[in-house]
Amino acid sequence: MNAIEVRDIKKCYPGFELRNVSFTLPEGAILGLVGENGAGKSTLIRLIMGAAGRDGGEASVLGTDVGSPEFTKTKDDIGVVLDEAHFPTSLNAAQIGRVFADTYSRWDGGTYAALLKKLELPTAKKIKDFSRGMRMKLALATALSHDAKLLILDEPTGGLDPMVRDEILDILEDFTRREDRSVLISSHIVSDLEKLCDYIAFLHKGELLLFDEKDRLLEKYALIKLSERDFEAVPGEAVRGVRRGKYGVEALVERGLVDRAIQAERTSLEDIIVFFARGDRE
Amino acid sequence: MKALLRKDIYVMFTQLRGLLLIMLVFSVIPGGIFIPFTFLYTGVLSTASLMALDEQSQWDTLALMLPYSRRRLVTSKYVMGWLGIVAALVATVVMQCIWAATGVAAIEEGFFTAICLYIAIVLILQAVSVTVIYRFGYVRGRVMIVIAVAVIGGVVGAAAANGNTLSTAATALSRLHPVTYPLLAAALSVASIPISEHGYKVRCEK
């Protein structure tokens, strides 16, 4: 069973359109959804979670159509962390735990208490007195305390200091040790996703420009640095993005489509994303 | 539902303590002048405030991704309002009975009918406000409620100007047993739940 299946999903807002997005996240895999602010990442997550109606296409999560009444029950197997904790700020972590104990059928109070301790979160302090990092850690603790099969995280590390980000990524790595657990995580911090993900999806201006296994992407694409004249000899279909400077041309190319004589450097995920976005601009 | 009610009760006791205190003070005052406000505060204002706080903390955004159906999310707010009305009823009746027993203030004739009427009015106001807030959100919903109240006021005013219409309505109401007022209003309130749910869905689609 696939954790997430999305086919030609569409959503139109005034001034924004999510166009025909399709991808499949296999069970046990981690998908990183990358995109600039306003690319449509949160909209896509809302559609996947059935929190907003789609204008076209299909989406199913853990084998259930997200538009069906049965999906409410399926959400019992999903942990969600949004870009903010979104808990009532006058409550404390103990009260949030009691609310979630009544929410999820497999809520484990022991796991929650252990996570609060591990993340050094006070149980009696009101959430309004928490820092942003503490709030995100609390959101993560609630998402990880009910034996979820799928974790959906929308920009969980945005605006956090590197230490907290690292701590959150460690917890996510722990979560995915069991093979039947899947994760969809959106972020514009590509380095975070590079550490963690098996698959990468790049959403740009409402369009899915890229979806592939991370290792295949890193194998498939390479960076070349040539003079303007030498660059003219590179076949156009091999080029995915170009950066022109005083000293020549830097381009992202498909490794298999360029002459082996051209020296191609290993690229990073961040370069791939940047060049794809640049290619779209040009 | 239990989780949603628990969350709202926690919020009531942490962020809306002022409203609860006012309800208690109004129900304690002998003579029953402030009783309509007791019901209004607990039945209508508390529900609207809970919805406003949900929007402010964006709990409503998160809740749509948790294993709660939209129907349950909507119904829980009605239930909170109904619980508030029951709490106000208990506090009022108990306090007014204490004052009557101790000779501080007698229970006036028509007290029971008045209570039934207050509850009916508050149930209708609660249903209208919840429906409007779910459809338009708290900020726009407030404006819509003011407009709705003005329209209802205008209709009642026009009916009052035409004495026959108002007296016909009053006569028809007086023929009913007072208990039927809140029962009719409760039926109306329950009937408005699917309308609220639909309005909430429309708002979420945008």
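Because the structure is a prediction, the values reported are computed rather than measured. Residue numbering restarts at 1 for every chain, and letters A, B, ... go by the order of the sequence lines.
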For the backbone of B:C204 and the side chain of A:R46, can you confirm whether one donor and one acceptor N or O come within less than 3.5 Å of each other?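 Between the backbone of B:C204 and the side chain of A:R46 there is a qualifying donor-acceptor contact (under 3.5 Å).
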Counting only non-hydrogen atoms closer than 4.5 Å, does A:A85 touch chain B with its backbone (N, CA, C, O), its side chain (CB onward), both, or neither?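 The backbone, not the side chain.
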Counting only heavy atoms not in B:F13 (residues, nucleotides, ligands), do more than 12 fall under 6.0 Å from its CZ?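 It does not: B:F13 CZ has 12 such atoms or fewer within range.
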NZ of A:K41: more than 12 outside heavy atoms within 6.0 angstrom?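 Yes, because the 6.0 Å sphere around NZ of A:K41 holds more than 12 heavy atoms from other groups.
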Which distance, rounded to the nearest 0.5 Å, do you find between the [atom1] of [X] and the [atom2] of [Y]?
| X | Y | atom1 | atom2 | value |
| --- | --- | --- | --- | --- |
| A:E84 | B:T61 | CD | OG1 | 11.0 Å |
| B:Q58 | A:T89 | CD | OG1 | 11.5 Å |
| B:K2 | A:R98 | NZ | CZ | 12.0 Å |
| A:M49 | B:L62 | CE | CG | 9.5 Å |
| B:M65 | A:D154 | CE | CG | 7.0 Å |
| A:T103 | B:L4 | OG1 | CG | 6.5 Å |

Residues in residues 57-83 of chain A that sit under 4.5 Å from chain B, counting heavy atoms only: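 At a heavy-atom separation under 4.5 Å, chain B is reached by A:T72, A:K75, A:D76, A:V80, A:L82.
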Less than 4.5 Å to any heavy atom of chain A: does that hold for the side chain of B:Y68, its backbone, both, or neither?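 It is both, since atoms from each part get that close.
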Given a strict heavy-atom distance threshold of 4.5 Å, which part of B:L53 is in contact with chain A: side chain, backbone, both, or neither?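 Looking at B:L53, nothing touches chain A.
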If the test is salt bridge (charged side-chain N to carboxylate O under 4.0 Å, His left out), which one of B:K7, B:R6, B:R72 qualifies with A:D102?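 Answer after filtering B:K7, B:R6, B:R72: B:R6.
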Parallel under 30°, tilted from 30 to 60°, perpendicular over 60°: which one fits the rings of A:F100 and B:W59?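 Rings of A:F100 and B:W59: perpendicular, over 60°.
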Does any part of the side chain of A:Y104, heavy atoms only, come nearer than 4.5 Å to the side chain of B:L66, both counted from C-beta?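 A side-chain contact exists here, since the closest heavy-atom pair is under 4.5 Å.
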Which heavy atom of A:F87 sits nearest a heavy atom of B:S57, and at what distance?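 Here A:F87 and B:S57 meet closest at O-CB, 3.7 Å.
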Heavy-atom pair with the smallest gap, counting every atom of B:R70 and A:A51: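 B:R70 and A:A51 have their closest heavy atoms at NH2-O, 4.3 Å.
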Out of A:A52, A:G50, A:P14, A:P88, return the one with the most heavy atom pairs under 4.5 angstrom to chain B.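 So the answer, after comparing A:A52, A:G50, A:P14, A:P88, is A:P88.
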